[in-house]
Amino acid sequence: MPTAAPIISSVQKLVLYETRARYFLVGSNHAETKYRVLKIDRTEPKDLVIIDDKHVYTQQEVRELLGRLDLGNRTKMGQKGSSGLFRAVSAFGVVGFVRFLEGYYIILITKRRKMADIGGHAIYKIEDTNMIYIPNDSVRVTHPDEARYLRIFQNVDLSSNFYFSYSYDLSHSLQYNLTVLRMPLEMLKTETAQTRQESFDIFEDEGLITQGGSGVFGICSEPYMKYVWNGELLDIIKNTVHRDWLLYIIHGFCGQSKLLIYGRPVYVTLIARRSSKFAGTRFLKRGANCEGDVANEVETEQILCDASVMSFTAGSYSSYVQVRGSVPLYWSQDISTMMPKPPITLDQADPFAHIAALHFDQMLQRFGSPIIILNLVKEREKRKHERILSEELVAAVTYLNQFLPPEHSIVYIPWDMAKYTKSKLCNVLDRLNVLAESLVKKTGFFVNRPDSYCSILRPDEKWNELGGCVVPTGRLQTGVLRTNCVDCLDRTNTAQFMVGKCALAYQLYSLGLIDKPNLQFDTDAVRLFEELYEDHGDTLSLQYGGSQLVHRVKTYRKIAPWTQHSKDIMQTLSRYYSNAFSDADRQDSINLFLGVFHPTEGKPHLWELPIDFYLHHKNTMRLSQTRRSYTDWLTPGVINHLPLPYDEVTCVENRKKLIVKKFHKYEEEIDIHSEFFRPYELSSFDDTFCLAMTSSARDFMPKNVGIDPSPFTVRKPDETGKSVLGNKSNREETVLQRKTAASAPPPPNEEAVSSSSEDDSGTDREDEGSVSQRSTPVKMTDSGDSTKVTENLVQPMKDVYGINLSDVPSEEDLSIYTRFVQLGQHQHRQDKSNQQHCSKHLDGVIKFIFTFTGHISLLSLKTTFMKFSLQE
């Protein structure tokens, strides 16, 4: 049994009840055994009044409470509308609260879709939201500009690539989350003692220890707010409500695919976290702001896990993190000239690299050393354009390295990718592969288990050269690769794919799945990984640049079909159109959503501002009280722990960011087994085990008999399983159109406050939407090819299982299952009542003895009683 486990939020299902004077938000855990209630006042026209009693209700208590509310709010029977409590909407989480010029709105998640699974912790994508105005009509003070602000706010489409989890911290890396769970037992006990005053039962921890020592520390860490997109929306209630009401969301990409190695399932997960600091669109957000936050900063993490073992403690997990982001300087491009490539302008001179110092200080604190900069901008140009950035970046890095120890200095690698692409003498990806090998060796990667015995039996030369930090429990990644070009889109995505492909080989080797840390192109594994990275690149490119990738991996391999060139031209035109005509509106929406701009009566409106420079550069509005040192530019304490990241070191400051509480091992807050399998709920294998996700065996392996089923075997282009999907060009065209439609903001509607097009009756069950477990839509074909696709991919149920499986269970099966659930729940309640009875009996004996012998310590009494019961 593990000594620590993540705390699972007890607010996963919500129902909003409405009266004329109040909103009552009732939240429960998934098993619907524990409830919490928020009371929201509707009589305040502009203030938000929320009351949380912090009490945990049972199902019976909540029913009685709602019944009393319904009865107390009813009018006289003779009058019209003799109703008390209305059920307004069902939801799965609270995004936050926002106010423009009138009263507050509450934003609720009404539909979700499971996208990935990491160690039994589900990651969901927001599919739809509902925005509800809180004050009632009798106190509403109307404002003529409210509808326009509402329309601008809703242009940030929450159903497009926003993700959340009830138990896994998406704002941190897997390495951080598992490092926190491995804190020494003594530190966890210290933290529990400090937070024990929040509990009503002062004997909580001791009682758990006396019950066979089965206590488990539940740990909840503070999110890394840089990658949280609703932090400003939750800020007003953060100190008022219980932490389970706070559901933090990230923006970016999440995709998961299954790599089947001779029947052994391995999940490959790609998570991209887009920074909420200095966020915006392509030409309107370049360089960095005054706090060192850069534009288009995205942290990409690839996670490999053996899906046959779910637990974080017993399973095998590995991850590798890399970062992309704009060049950390004060620079911009003027788009008023309507040129395809506007000239690059350095806005401010920074001889002491103040902005770069702030940026790299953040990176050293989060990732450790070395920080490796892979600069892909052009070095040789007839007219100096991109080279301006390279020269300034080299000067900044050279200056900052003077004040760092040589072993922890920032590594700068210039690599003109465009020059190698045009060269006929070399293959750009071959050169990039050699570079990727050296980069991965410098930083290493994370794995949660010691080196496999097979690596000792069959040692590899490259494995011994691997960097990072080796600890008794596995390996840690120290440092990070930071890749940039001018836009950080096409070239950057290809370079990150090549580095990720190299890291994937080392990850597979560390888990004992391949005999050498090397992966070849045209294998099922690399094709699966390449498709994940292309979806990842398309999504990030749409968010920042307004179009999908123009140059893909196949383009640089020079194996792209001739039709790809026309598609590249169309994507270029789409990107240009978006940058010229729609980016300004998108930037206003992002500024309003993230709280960069707050509407205020009597001040200029958002659409009246000529630029938003002062909104993102706070030093333009007020002077800083303290001036940062030009030489000692690192945060105190960071350099003492390098190469380890300071955020993962077990120090006093980091322990303050954790909430530690002790639970019984069967408590629902830390029981991930029950959370994942849900034994008392009728569910399908498809939902639980993600059977519909992209699989190497089903979607990439050839269907011919006698083919080697290994996903590491090099295939010919005509042997891939994708060839059976009919007309490939038509299919890809449909996918591109659907991706663009999915990422585009919805048409604005001033009169409709809700962004949900469904009525409330259909929102109280989880929307499965698409059968795909990926964030990109299911690949579709033309109507004429759909029959062939079904025949090739989906065999009849009778041929596979010998029987025809029905979609809905029969009444007899349902009655048997209901009896099983009742028996299981009865046994569960009986076990729990026995534990509580034992604990009460123990406390009664302690109090009785304490009455007569007050000078004896409680701990010795409990020890005496345990010995006495053992003797009996």
Side-chain angles (χ1 to χ4, degrees), residues 278 286-297 322-333 341-364 367-421 428 431-432 434-436 438-439 442-443 479-492 495-496 499 628-634 639 642:
F278 203 51
R286 295 293 211 188
N289 65 3
C290 63
E291 297 179 348
D293 302 308
V294 298
N296 195 21
E297 183 172 8
Q322 47 186 327
V323 177
R324 68 171 70 182
S326 189
V327 178
L329 304 168
Y330 280 130
W331 65 280
S332 61
Q333 287 181 281
K341 289 186 178 182
I344 293 174
T345 305
L346 292 174
D347 298 327
Q348 293 183 28
D350 192 6
F352 299 104
H354 175 67
I355 300 305
L358 291 171
H359 177 67
F360 291 122
D361 183 27
Q362 291 179 15
M363 297 192 71
L364 285 169
F367 302 108
S369 67
I371 302 297
I372 306 172
I373 303 172
L374 180 59
N375 188 14
L376 303 175
V377 304
K378 296 177 182 177
E379 298 289 336
R380 294 183 180 180
E381 297 174 301
K382 293 180 180 178
R383 179 177 58 87
K384 187 186 288 188
H385 180 63
E386 296 184 9
R387 193 154 48 110
I388 297 172
L389 300 176
S390 293
E391 292 173 354
E392 288 295 319
L393 184 57
V394 168
V397 171
T398 304
Y399 174 81
L400 295 176
N401 277 338
Q402 297 178 86
F403 313 106
L404 285 177
E407 64 273 16
H408 303 308
S409 61
I410 302 169
V411 181
Y412 177 78
I413 302 175
W415 201 75
D416 188 347
M417 191 168 177
K419 181 186 76 173
Y420 285 102
T421 304
V428 61
R431 290 289 188 94
L432 202 52
V434 175
L435 187 60
S438 63
L439 295 174
K442 284 180 174 23
T443 61
V480 73
L481 171 66
R482 185 194 190 279
T483 310
N484 72 268
C485 51
V486 177
D487 296 323
C488 302
L489 296 177
D490 302 331
R491 286 175 282 181
T492 299
Q496 284 195 330
V499 176
R628 198 178 180 93
S629 171
Y630 290 143
T631 57
D632 189 15
W633 54 271
L634 274 178
I639 199 169
L642 292 178

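Heavy-atom minimum distance, Thr443 versus Pro370: CG2-O, 4.3 Å. A pairwise comparison of heavy atoms in Gly292 and Leu358 identifies CA-CB, 3.9 Å as the closest pair. The shortest non-hydrogen separation linking Cys488 to Ser326 is SG-N, 3.8 Å. Closest approach of Ser390 and Glu379 over heavy atoms only: OG-OE2, 3.5 Å. Minimum heavy-atom separation, Leu364 to Trp633: CD1-CH2, 4.0 Å. Residues Phe278 and Val294 come closest through the heavy atom pair CD2-C, 3.8 Å.
In this structure, Glu381 does not pair ionically with Lys341, as no charged nitrogen and carboxylate oxygen lie closer than 4.0 Å.
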Check your understanding: Which is it for Gln348 and Ile355 under the side-chain contact (heavy atoms from CB on, under 4.5 Å) test, yes or no, and what are the steps along the way?
Key -> CA-CA 11 Å; Gln348 293 183 28; Ile355 300 305; over 6 Å; no

Exercise for review: Step by step, work out the side-chain contact (heavy atoms from CB on, under 4.5 Å) result for Arg286 and Asp487.
Suggested key: CA-CA 9 Å; Arg286 295 293 211 188; Asp487 296 323; 2.6 Å; yes

Practice item. Using the ring-ring contact (aromatic ring centres under 6.0 Å, His included) rule, take Trp415 and Tyr420 through it: C-alpha gap first, then chi angles, then the decisive distance, then the call. Key: CA-CA 9 Å; Trp415 201 75; Tyr420 285 102; 4.7 Å; yes

Exercise for review: Apply side-chain contact (heavy atoms from CB on, under 4.5 Å) to the pair Val411 and Ile373, showing each step before the final yes or no.
Suggested key: CA-CA 6 Å; Val411 181; Ile373 303 172; over 6 Å; no

Practice item. Using the side-chain contact (heavy atoms from CB on, under 4.5 Å) rule, take Leu481 and Gln496 through it: C-alpha gap first, then chi angles, then the decisive distance, then the call. Key: CA-CA 9 Å; Leu481 171 66; Gln496 284 195 330; over 6 Å; no

Practice item. Before giving the answer on side chain to side chain donor-acceptor pair (under 3.5 Å), spell out for Asn375 and Tyr412 the whole-Å C-alpha distance, their side-chain angles and the decisive distance to 0.1 Å. Key: CA-CA 8 Å; Asn375 188 14; Tyr412 177 78; 2.8 Å; yes

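Between atom CG of residue Leu376 and atom CZ of residue Arg491 there is a gap of 7.0 Å, rounded to the nearest 0.5 Å. Distance CG/Leu432 to OG1/Thr421: 9.0 Å, rounded to 0.5 Å. Met417 contributes atom CE, which lies 9.0 Å from atom CG of Leu374 (distance to the nearest 0.5 angstrom). Separating the CD1 atom in Ile639 from the CG atom in Leu404 is a distance of 6.0 Å, to the nearest 0.5 Å. Note: Leu400 CG to His354 NE2 = 11.5 Å, rounded to the nearest 0.5 Å. Atom CD in Gln402 sits 10.0 Å away from atom OG1 in Thr631 (nearest 0.5 Å).
Between Val327 and Glu392 the shortest side-chain heavy-atom distance does not fall below 4.5 Å. Between Phe360 and Arg482, some side-chain heavy-atom pair lies under the 4.5 Å cut-off. The side-chain heavy atoms of Leu346 and Ile388, taken from C-beta on, include a pair separated by under 4.5 Å.
With hydrogens and angles disregarded, no donor-acceptor distance shorter than 3.5 Å links the side chain of Thr345 to the backbone of Asp347. With hydrogens and angles disregarded, a donor-acceptor distance shorter than 3.5 Å links the side chain of Gln362 to the backbone of Glu291. In this structure, the side chain of Gln322 does not engage the main chain of Val499 through any donor-acceptor pair within 3.5 Å.
If you run side-chain contact (heavy atoms from CB on, under 4.5 Å) between Asn484 and each of Asn296, Val377, Val323, Leu389, only Val377 comes through.
By the 30° and 60° cut-offs, the orientation of the rings of Tyr399 relative to Phe352 is perpendicular.
Screening residues 402-421 for salt bridge (Lys or Arg N to Asp or Glu O under 4.0 Å) gives no qualifying pairs among residues at least two apart or on separate chains.
Residues satisfying the side chain to side chain donor-acceptor pair (under 3.5 Å) test with Ser369, not counting sequence neighbours, are His408.
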